[in-house]
Visitor: 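Before anything else, here's the structure in question.
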Amino acid sequence: KSLGLTSITIPDSVTSIGKYAFDGCYFISVTIDSSYAYRNAGGSSNTCGYLLRNPDTVYVKANLVEDTSLTASSYLTSNFTRSQSANENGHYVYTRN
């Protein structure tokens, strides 16, 4: 495991992420503002799947969490506990179970 990059924020301007972009990263904290990253975060490790593999805390922009059909939603609800309301920055906070 690599500890070089432990925290990342994916801004809403991100519309794609290359294959294996985060392979070897051991994120402690992930902030997702991008709908692209959120749709793909719990999916294939070829793209964003590495984002949610290890972090203890995930921050997701509140407007992204409504679509429960997405892979990221399923992964987060299975492995993390979500805060009851969005924080002052407009993110729901997910803490690993």
Side-chain angles (χ1 to χ4, degrees):
K1 85 184 168 183
S2 170
L3 294 178
L5 183 61
T6 58
S7 178
I8 190 168
T9 298
I10 311 284
D12 62 4
S13 58
V14 172
T15 58
S16 67
I17 296 173
K19 286 185 176 185
Y20 304 105
F22 304 117
D23 186 16
C25 293
Y26 193 83
F27 295 116
I28 295 169
S29 173
V30 172
T31 302
I32 300 174
D33 293 340
S34 164
S35 60
Y36 175 85
Y38 184 65
R39 281 194 314 272
N40 294 287
S44 170
S45 58
N46 290 348
T47 54
C48 301
Y50 293 110
L51 282 173
L52 302 181
R53 184 173 55 182
N54 297 307
D56 294 325
T57 309
V58 178
Y59 303 88
V60 179
K61 200 71 166 175
N63 65 314
L64 300 178
V65 302
E66 302 307 318
D67 189 346
T68 57
S69 67
L70 299 176
T71 307
S73 294
S74 300
Y75 186 88
L76 283 167
T77 56
S78 297
N79 296 283
F80 293 79
T81 300
R82 188 180 92 178
S83 61
Q84 292 297 314
S85 57
N87 66 15
E88 64 278 359
N89 296 318
H91 293 90
Y92 279 103
V93 180
Y94 291 81
T95 307
R96 186 171 293 282
N97 295 335

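Computation of the quantities below employed the complete heavy-atom set of this structure, encompassing side-chain atoms and omitting hydrogens, waters and symmetry-equivalent molecules. For reference, positions follow the sequence shown, starting with 1.
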Visitor: Look up atom CD1 in Ile28 and atom CG in Asp56, then write down how far apart they are to the nearest 0.5 Å.
Guide: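 Answer for the CD1-CG pair, Ile28 versus Asp56, is 7.0 Å.
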Visitor: In terms of hydrophobic clustering (I, L, V, M, F, W, Y; side-chain heavy atoms under 4.5 Å; direct or indirect links), are Ile10 and Tyr36 co-clustered?
Guide: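 Yes; Tyr36 is reachable from Ile10 via cluster members.
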Visitor: Okay, side chain of Asn89, backbone of His91: is any donor-acceptor separation there less than 3.5 Å?
Guide: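 Such a contact is absent between Asn89 side chain and His91 backbone.
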Visitor: For the pair Tyr94 and Phe80, name the ring-plane relationship: parallel under 30°, tilted 30 to 60°, perpendicular over 60°.
Guide: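 Rings of Tyr94 and Phe80: perpendicular, as their planes differ by over 60°.
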Visitor: Between the side chain of Arg96 and the main-chain N/O of Pro55, is any donor-acceptor distance below 3.5 Å?
Guide: yes
Visitor: Quick check: closest heavy atoms across Leu51 and Ala37, and the distance to 0.1 Å?
Guide: CD1-CB, 4.4 Å
Visitor: Looking only at heavy atoms, which two atoms of Ala86 and Gly90 are closest? And how far apart?
Guide: CB-C, 4.0 Å
Visitor: Check whether Val14 and Val30 end up in the same hydrophobic cluster, where Ile, Leu, Val, Met, Phe, Trp and Tyr are linked by side-chain heavy atoms less than 4.5 Å apart.
Guide: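 In one cluster with Val14: Val30, yes.
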Visitor: Do you know which of Ile32, Thr9, Asn87 makes side chain to side chain contact (heavy atoms under 4.5 Å, CB included) with Tyr59?
Guide: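 That would be Asn87; it is the only one of Ile32, Thr9, Asn87 passing the side chain to side chain contact (heavy atoms under 4.5 Å, CB included) with Tyr59.
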Visitor: Out of curiosity, Leu64 CG to Ser34 OG, how far, rounded to the nearest 0.5 Å?
Guide: 7.5 Å
Visitor: Any donor-acceptor pair under 3.5 Å linking the side-chain atoms of Tyr38 with those of Ser73?
Guide: yes
Visitor: Indicate the ring-plane relationship of Tyr20 and Tyr50, choosing parallel, tilted or perpendicular according to the 30° and 60° boundaries.
Guide: tilted
Visitor: Please check this pair: side chain of Tyr92 against backbone of Val65, looking for a donor-acceptor N/O pair closer than 3.5 Å.
Guide: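 Such a contact is absent between Tyr92 side chain and Val65 backbone.
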Visitor: Which pair of heavy atoms, one from Gly42 and one from Leu52, lies closest together, and at what distance?
Guide: N-CD1, 4.0 Å
Visitor: Begin from the C-alpha positions of Val58 and Phe27 and carry the test side chain to side chain contact (heavy atoms under 4.5 Å, CB included) through to its verdict.
Guide: CA-CA 10 Å; Val58 178; Phe27 295 116; over 6 Å; no
